[in-house]
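Below: the structure, in structure tokens.
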Amino acid sequence: MVSVLVQWLGIASVWAATAVGAEYMKYKDPNQPVGVRVEDLLMRMTLEEKIGQMVQIDRTVATADVMRDYYIGSLLSGGGSTPLPGATATDWVNMVNKFQKGSLSTRLGIPMIYGIDAVHGHNNVVNATIFPHNVGLGATRQVNLSDVYLFRFPTLI
Ligand SMILES: *[C@@H]1O[C@H](CO)[C@@H](O)[C@H](O)[C@H]1NC(C)=O
Ligand SMILES: *[C@@H]1O[C@H](CO)[C@@H](O)[C@H](O)[C@H]1NC(C)=O
């Protein structure tokens, strides 16, 4: 009987600790002003977490575990750094989600930012729309030229 009680108390204290662990985090509250949230988050971060957040690595050396273990702030797909040859939009989304899951599983759950080296359309996605390169747009000397303009008047391309 005593051991059952001790066991129950043990379970109760684990439960209490879990409840305390789910404390209110100001930085996660969208109703707080941005400055307050930033201040709160920075105050909680360790030096390792801050350094990790300032680091960007390429997709080729990233895994969900690397994202989690080193608190990596951002990932880049440099030119041609694709999830697989002939990758579709779904392949890209699945890959990014896998890395993001690693980042979100960290102590503070800070999401990573994904960058893609694709300045004139994402030419590493099958069937994506590709626009002329920026330097080509500049060479037209039309200051009002924009992607929207080209999209609406594709015969100008
Ligand atoms: C790409 O577009 C072509 C032509 O519309 C289509 O036949 C093909 O299935 C598309 N590929 C993908 C992966 O969506
Ligand atoms: C862009 O500017 C050119 C030259 O000033 C003008 O002819 C054209 O109508 C403008 N296009 C748009 C979409 O505003």
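We count residues from 1, following the sequence as given. Every value quoted in this text rests on a predicted model; they were computed, and no experiment measured them. Atoms within each ligand, like the ligands themselves, are counted from 1 in listed order. Just the heavy atoms: all of them, side chains too, but no hydrogens, waters or symmetry mates, feed the values below.
Those atoms of ligand 1 that come under 4.0 Å of a heavy atom in V126, given as number and element, are 11 (N), 12 (C), 13 (C). Within ligand 1, the atoms closer than 4.0 Å to a non-hydrogen atom of T88 are 13 (C), numbered from 1 in the order shown.
For atom 2 (O) of ligand 1, the nearest protein heavy atom lies closer than 4.0 Å. The nearest protein heavy atom to atom 8 (C) of ligand 1 is closer than 4.0 Å. When distances from atom 14 (O) of ligand 1 to the protein are checked, a heavy atom turns up under 4.0 Å. When distances from atom 11 (N) of ligand 1 to the protein are checked, a heavy atom turns up under 4.0 Å.
At a cut-off of 3.5 Å, with distance as the only test, no side-chain donor of S103 or Y71 sits close to an acceptor on the other residue.
With hydrogens left out, the protein atom closest to atom 4 (C) of ligand 1 is N127 ND2, 4.5 Å, a heavy atom.
A salt bridge links E49 to R107: one of the charged nitrogens lies within less than 4.0 Å of a carboxylate oxygen.
The backbone N or O of G102 lies less than 3.5 Å from no partner atom in the side chain of R68, so there is not a single donor-acceptor pair. Between the D58 side chain and the G78 main chain, a donor and an acceptor come within less than 3.5 Å of each other. Judged by distance alone, the side chain of D91 and the main-chain N or O of T88 form a donor-acceptor pair under 3.5 Å. For the pair R59 (side chain) and L75 (backbone), a donor-acceptor distance under 3.5 Å is absent.
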